[in-house]
Participant: 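My questions will all concern the structure given below.
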Amino acid sequence: MTVSAKCYYALRAIYALSEHKTTTPLKANEIAEQQHIPIKFLEAILSQLKGGGFVNSRRGAEGGYLLARAPETVTIGMVIRFIDGPVAPVDCVSQSRPKQCEYPGNCPFFGFWGRVRQAIADVVDQTTFADLVKENHALGYLYVADWTI
């Protein structure tokens with residue numbers, strides 16, 4: 001399984017919003033600067049995330065973006081599937097979009113790939129953005145503009 005750059009940026013944007021503890025919206029350019037995401041790409045991603053119910057936006061000088069749901073309720077897996085689709089390493093073990101195996105009944109890897117898919121799903125579906133924020137703060141990671149310290 002490979003996470004696209006678009007998906008990785010979406011994850012980083014939601015992380016920034018999860019870390020933002022106020023009711024004041026976070027501006028797209030602040031997210032872009034903090035998370036090192038090209039602003040034009042981020043604006044398209046935020047629009048898509050808004051359509052998916054992950055973020056809300058406010059217009060105007062005091063506008064910006066806020067999470068639409070509590071970070072405790074949004075998993076990494078939800079965002080990955082929304083942006084990139086299934087988390088399966090190969091199509092034949094995908095639960096949401098399975099494809100017929102080229103070697104039906106004879107594939108020595110079918111069980112293996114199924115276990116890989118399940119292991120990935122277990123991790124991404126059991127990790128919320130609140131978990132990541134808590135984990136990174138415990139490790140002392142603070143995101144400040146251009147530096148991770």
Participant: How long is the gap from NE2 on His36 to CZ on Arg12, to the nearest 0.5 Å?
Facilitator: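 One finds 6.5 Å between NE2 of His36 and CZ of Arg12.
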Participant: Apply side chain to side chain donor-acceptor pair (under 3.5 Å) to residues Gln118 and Asp122 and explain how you reach the verdict.
Facilitator: CA-CA 6 Å; Gln118 190 59 52; Asp122 287 346; 2.7 Å; yes
Participant: Parallel, tilted or perpendicular for Phe109 and Trp113, by the 30°/60° rule?
Facilitator: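 Answer is tilted, since the angle falls between 30° and 60°.
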Participant: If I take atom CD from residue Gln35 and atom CG from residue Leu42, how far apart are they, to the nearest 0.5 angstrom?
Facilitator: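 The CG atom of Leu42 is 9.5 Å from CD of Gln35, to the nearest 0.5 Å.
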Participant: Where do Thr128 and Asp131 land on the side chain to side chain donor-acceptor pair (under 3.5 Å) test, with the steps shown first?
Facilitator: CA-CA 5 Å; Thr128 68; Asp131 295 333; 3.1 Å; yes
Participant: Do you know the tightest heavy-atom contact between Ser18 and Leu67?
Facilitator: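 Distance-wise, the nearest heavy atoms are OG-CD1, 3.4 Å.
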Participant: Provide the closest heavy-atom pair for Ala13 versus Ile37 in the form atom of the first, atom of the second, distance.
Facilitator: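 Nearest heavy atoms, Ala13 then Ile37: N-CD1, 4.3 Å.
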Participant: Measure across Ser4 and Ile83 and return the closest heavy-atom pair with its distance rounded to 0.1 Å.
Facilitator: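 Between these two residues, the closest heavy atoms are OG-CG2, 4.5 Å.
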Participant: So, do Leu132 and Ile76 sit near enough that their side-chain heavy atoms are less than 4.5 Å apart?
Facilitator: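 SC-SC contact between Leu132 and Ile76 confirmed.
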Participant: If I compare all heavy atoms of Leu46 with all of Tyr65, which pair ends up nearest, and what's the gap?
Facilitator: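 Scanning both residues completely, I find the closest heavy atoms to be CD1-CE1, 3.6 Å.
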Participant: Would Leu17 end up clustered with Leu66 when hydrophobic side chains under 4.5 Å apart are linked, directly or stepwise?
Facilitator: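 No, Leu17 does not connect to Leu66 through the hydrophobic network.
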Participant: Can you tell me how far the CD1 atom of Ile45 sits from the OH atom of Tyr8, to the nearest 0.5 Å?
Facilitator: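 OH of Tyr8 is found 12.5 Å from CD1 of Ile45.
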Participant: Give, for atom CD of Gln34 and atom CD of Glu19, the distance between the pair rounded to the nearest 0.5 Å.
Facilitator: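 Taking CD in Gln34 and CD in Glu19, the distance rounds to 6.0 Å.
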Participant: Group every Ile, Leu, Val, Met, Phe, Trp and Tyr by side-chain heavy-atom contacts under 4.5 Å, then state whether Phe41 and Phe54 land in the same group.
Facilitator: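 Same cluster: Phe41 reaches Phe54 through Ile, Leu, Val, Met, Phe, Trp or Tyr contacts under 4.5 Å.
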Participant: Under the 3.5 angstrom rule, does the side chain of Asp84 hit a backbone N or O of Ile80 as a donor-acceptor pair?
Facilitator: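 Checked: no pair found.
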Participant: I want to check something: taking the side chain as every heavy atom from C-beta on, are Glu30 and His20 in contact at a cut-off of under 4.5 Å?
Facilitator: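 No, every pair of side-chain atoms sits at 4.5 Å or beyond.
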Participant: With the 4.5 Å side-chain cut-off for hydrophobic clustering, are Val87 and Val123 part of the same group?
Facilitator: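 No, Val87 does not connect to Val123 through the hydrophobic network.
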Participant: Is it possible for you to say whether Val74 and Ile120 belong to one hydrophobic cluster, with membership spreading through side-chain heavy-atom contacts below 4.5 Å?
Facilitator: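 Per the 4.5 Å side-chain linkage, Val74 and Ile120 are co-clustered.
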Participant: Just verifying a value: how many Å separate Lys27 NZ and Glu33 CD, rounded to the nearest 0.5 Å?
Facilitator: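 Interatomic distance, Lys27 NZ to Glu33 CD, rounded to 0.5 Å: 13.5 Å.
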Participant: Quick one: pull up CD in Glu43 and CG in Asn29 and give me the separation to the nearest 0.5 Å.
Facilitator: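 Output value for this atom pair is 8.5 Å.
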Participant: Would you name the heavy atoms of Pro25 and Gly63 that are closest together and state the gap between them?
Facilitator: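 Taking Pro25 first and Gly63 second, the nearest heavy atoms are CB-C, 3.8 Å.
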Participant: Using a 4.5 Å cut-off on heavy atoms from C-beta on, say whether the side chain of Phe129 contacts that of Val79.
Facilitator: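 In contact.
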Participant: Work out which heavy atom in Arg81 is nearest to a heavy atom in Ala121; give both atom names and the distance.
Facilitator: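 Shortest heavy-atom separation between Arg81 and Ala121 comes out as NH2-CB, 3.9 Å.
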